[in-house]
Every structure is written in C-alpha cells, then in structure tokens.
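The basis for the numbers below is simple: all heavy atoms, side chains too, and nothing from hydrogens, waters or symmetry mates. For clarity, every value in this text was computed on a predicted model and none was experimentally measured.
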Amino acid sequence: MLGNFSYCNPTKLYFGDDSLKFLKDELKKYGDNVLLVYGGGSIKKNGIYDEVVAILGEAGKNFAEVAGVMPNPTIHKLNEGVAIARKHGADFILAVGGGSVCDYCKALSVSVNYDGDPWQKYYIDFEEPDCETLPVGCILTMAGTGSEMNAGSVITYPEKKLKIGHVFADEKIMPRFSILNPKYTLSLPHYQMVAGIYDIFNHICEQYFSDEDDSTTDYLAEGLMRSVIHSSRIANENEQDYEARSNIMWSATWALNTLLKKGKTTDWMVHMLGQAAGAVTDATHGMTLAAVSLPYYRYILPYGTAKFKRFAENVWNVNPAGKTDRQVAEEGLQAMESWMKELGLAMRLSELGATEDMLPDIANATLILDGGYKVLTKDEVMQILKESL
Ligand code: NZQ
Ligand code: ZN
C-alpha cells in the first residue's frame with residue numbers, strides 16, 4: 001500500500017430484521033419537524049410506510065411528506081422538495097427507499113437553506129455547501145448504491161441530458177444513521193434486484209482496476225466480489241433467501257462507503273459511461289453499467305493486464321496453467337460475462353432504449369476521468385459506446 005489517506009465514516013448502522021426498532025431513539029436526537037421522503041409507492045404496498053408513520057407518531061413528530069421521488073431523481077423534483085421542506089420548517093429529513101430517495105435527501109439537505117440554484121452550485125461547479133445543512137437519516141429498501149453510508153448524491157437534469165453525481169467532501173452530508181433490514185429488500189422486482197447486484201459489483205471494480213502496488217484494499221475488494229458473486233447466484237435462484245439477501249445488502253454498503261478507495265486512485269469510467277446513458281434514456285442505473293462494462297473492460301485490458309489476470313485468478317478461479325497472461329485475463333472477463341448473463345442483466349444499451357442517433361449525446365455527457373489504466377479520448381468513448389449498443 002503506497003497511498004496516504006485519512007478515514008472517517010460517521011454513519012451509524014443498524015442491520016438486521018429487527019433494525020427498525022432503533023428508529024425511535026434515533027429520532028429523539030433531532031428536531032420535531034420531520035420531512036418524510038419516499039419514492040413511487042413501493043413502501044405503501046409492502047407495509048414499510050405504515051410501520052414508519054407509526055413510529056413517527058409514537059415519537060411525537062410533526063411530519064410532512066415528499067412522495068414520488070423517481071428513480072434517477074430530477075432537479076425539478078428537488079426544487080419541489082425544497083419548497084415543501086421550507087414551508088414545513090423541516091429540521092430533519094428521513095429517507096425511506098433506495099439510492100434515489102437517499103441521494104435526493106442529501107441534495108435536499110444542502111439546498112433547503114441555499115438561496116441560489118443548487119444545480120449550478122453543486123452539480124456544475126461542484127462546490128461544497130456554505131449554508132446550514134439538514135441532517136438525514138435513511139431506511140434503506142434496496143441494496144445497490146451504497147448511498148446509505150456515503151456522501152454521494154446523483155441528480156439528473158433531463159432537458160440538458162445530464163446526470164451528475166457529487167460526492168460531498170463534508171462528512172455531515174452522509175446519513176447520520178441508516179437502518180438496513182434485508183427483509184425490506186425481499187419485495188424488489190427481480191429486475192431491480194439484479195441491477196442492484198451489478199451496481200455493487202461494479203462499484204468494487206471501479207476501485208479495484210487501478211494502480212499496480214500491493215494493497216490490502218485490493219484483497220478486501222476481491223473478498224467482497226467473491227461474496228457478491230456467491231450470494232447473487234443463490235438469490236437469483238431463490239429471491240426470498242434471507243441469508244443471501246442480507247449478504248448482498250451488507251456488501252453493497254461496504255462496496256461504496258469510501259473504504260475500498262483508501263490508498264488508491266480509482267477508475268469510475270463505467271459509471272461515467274453508464275450515467276451518461278442514463279441521462280439520455282432514463283434507464284435503471286445498474287443496467288446501464290452492465291451494458292457498457294464488457295466493451296470498456298475489454299478495451300482497457302491491454303493497459304492493465306496484470307490486474308485483469310489477478311482478477312481472473314482470485315475472483316473467478318481461472319487456472320493459469322499453460323496460458324499467457326493475456327489469455328488468463330480474457331478468461332476472467334468471459335467468466336464475468338457468463339455470470340452477468342446468468343443473472344439476466346442488460347448486456348447492450350439497445351436493450352435499454354438507446355439508439356445509434358443517441359450516441360453523440362451520450363458521448364457528450366460522458367465525463368472523462370484519469371484514475372484508471374487508460375485515459376480515454378472522445379473518439380475512444382464513442383467507439384466503446386458503439387460496441388455497447
Ligand atoms: O419508487 P419506489 O416505488 O419505491 O420503487 C423503487 C424504484 O422503482 C423500487 N424499489 C425500491 N425498494 C423497493 C422497490 N420496489 C419494491 N420493493 C422494495 N423494497 O426500485 C426502483 C429503483 O429504486 P432506486 O432507488 O432508483 O434504485 P437504486 O437504489 O439503484 O438507486 C439508483 C440511483 O442512485 C444513484 C443512481 O445514479 C440512481 O440515480 N447512485 C448513487 C450513488 C451514491 N449515492 O453513491 C452511487 C451509484 O453509483 C449511483 O450512481
Ligand atoms: Zn453505481
């Protein structure tokens with residue numbers, strides 16, 4: 001390990017099938033005016049909404065609601081939430097949902113007391129908040145993004161065809177607490193479950209495919225990847241398997257709570273390509289990543305062959321005997337491809353509604369980062385997108 005770093009993660013986690021019982025005591029730490037934020041209605045169907053509202057009542061909270069936070073939450077929805085939060089005099093935000101709701105609540109946290117345009121400040125200029133921010137707590141219903149224990153917040157501006165994530169530097173933007181009950185994820189449709197699983201896996205890849213030093217962080221990443229592959233196969237056969245679903249939920253949190261980037265540079269180009277595709281198509285986040293991954297990794301493999309070989313051997317159990325490094329590395333990606341197909345992930349952008357004429361917009365919305373094995377040119381971005389179509 002050659003990198004230098006500091007590490008602090010202040011989010012308190014409550015994990016398990018009884019974890020909601022800790023909500024009441026957590027709520028005591030914050031003011032009486034709670035803003036309850038949720039998505040398109042899944043929490044009303046599976047009963048989580050009723051449970052949470054009962055606890056808010058028992059805790060004597062005065063709450064207002066922001067309902068209908070959509071997957072890939074928009075800036076317009078954010079502005080609507082800011083108005084509701086101000087009218088209510090909110091002093092605490094409770095997110096109940098997946099990554100979209102949790103991300104949205106962080107965006108609200110930094111916008112309620114800011115008088116200017118949050119899109120410009122946080123998503124174009126990437127500034128940190130200089131106003132008072134509101135504390136956020138999270139009750140997670142979908143495993144994937146890691147938003148429950150990080151300071152990331154992704155917002156989409158549909159008319160501008162931009163979807164941009166800001167990872168806030170200030171730790172107080174992270175949820176103060178997150179309640180992780182694997183049972184809550186059991187009502188997820190299969191499509192969302194596997195999209196979340198691939199999101200987890202790719203978060204690990206984004207932090208693994210960089211650098212050449214011997215780093216403990218990479219060994220942690222390999223262990224997490226093996227666990228995700230193992231549990232995903234069980235959950236794919238039986239979605240109601242609590243043990244597999246709880247492992248998936250726990251892996252999701254560790255895949256993106258800043259641990260796996262410690263002492264490393266990071267790549268994140270699959271996310272840049274996938275997010276750009278999401279901005280143009282509004283497709284499910286994890287599926288956009290799946291669709292661009294193999295063309296991207298096959299393209300950069302010659303620039304990072306040693307790491308792709310290690311990935312093949314340590315994550316996919318490829319036997320290197322009698323093979324060149326390149327052959328071993330390629331076999332690892334073949335094993336990954338088979339696993340992705342087994343789960344039923346989207347393997348092409350065209351499956352997500354993308355068409356050839358959209359590719360220039362997607363290429364244009366793709367931010368090019370320089371932490372991976374190859375800094376792409378705009379032409380290479382276009383080439384990878386064409387291969388992903
Ligand atoms: O809206 P409802 O009705 O709740 O339905 C949701 C939504 O349709 C449904 N769902 C969630 N929990 C459910 C459920 N349905 C039944 N039962 C449950 N228990 O699932 C659908 C997808 O939910 P969403 O929150 O959009 O999914 P996800 O957790 O994948 O979040 C995606 C968003 O997070 C961002 C993505 O870009 C995207 O905007 N990301 C955030 C990151 C971060 N904060 O660090 C990093 C990620 O890479 C990602 O970019
Ligand atoms: Zn992701």
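Partners of Thr145 according to the side-chain hydrogen bond (donor to acceptor under 3.5 Å, both in side chains) rule, which considers only residues two or more places apart in sequence or in another chain, do not exist here. Evaluation of the salt bridge (Lys or Arg N to Asp or Glu O under 4.0 Å) rule for Glu387 yields no partner, not counting sequence neighbours.
Among residues at least two apart or in separate chains, salt bridge (charged side-chain N to carboxylate O under 4.0 Å, His left out) pairs with a member in residues 303-317 are Asp218-Lys307, Glu222-Arg310, Lys309-Glu313. Within the structure, salt bridge (charged side-chain N to carboxylate O under 4.0 Å, His left out) contacts touching residues 35-52 (residues at least two apart or in different chains) do not occur. Applying the salt bridge (charged side-chain N to carboxylate O under 4.0 Å, His left out) test to every pair with at least one member in residues 339-351, sequence neighbours left out, gives these pairs: Arg233-Glu342, Glu337-Lys341. The salt bridge (charged side-chain N to carboxylate O under 4.0 Å, His left out) analysis of residues 141-163, with sequence neighbours excluded, yields the pairs Lys161-Asp361. For residues 72-91, the pairs satisfying ring pair (Phe, Tyr, Trp, His ring centres under 6.0 Å) are His76-Tyr157, with sequence neighbours left out. Within the structure, the side chain to side chain donor-acceptor pair (under 3.5 Å) test picks out the following pairs touching residues 94-108 (sequence neighbours left out): Asp103-Ser147, Lys106-Ser147, Lys106-Asn150.
Phe63 shares a hydrophobic cluster with Tyr14, Leu20, Phe22, Leu23, Leu27, Tyr30, Val34, Leu36, Tyr38, Ile43, Ile48, Tyr49, Val52, Val53, Ile55, Leu56, Phe92, Leu94, Val96, Ile139, Phe177, Ile179, Tyr184; the chain of contacts runs through ILVMFWY side chains whose heavy atoms sit under 4.5 Å apart. Applying the under-4.5 Å side-chain rule to Ile, Leu, Val, Met, Phe, Trp and Tyr, the cluster around Val154 consists of that residue alone. Hydrophobic cluster membership for Met142: Leu188 (Ile, Leu, Val, Met, Phe, Trp, Tyr linked by side-chain heavy atoms under 4.5 Å, directly or transitively). Side-chain heavy-atom separations under 4.5 angstrom define the hydrophobic clusters, and Met70 shares its cluster with no other residue.
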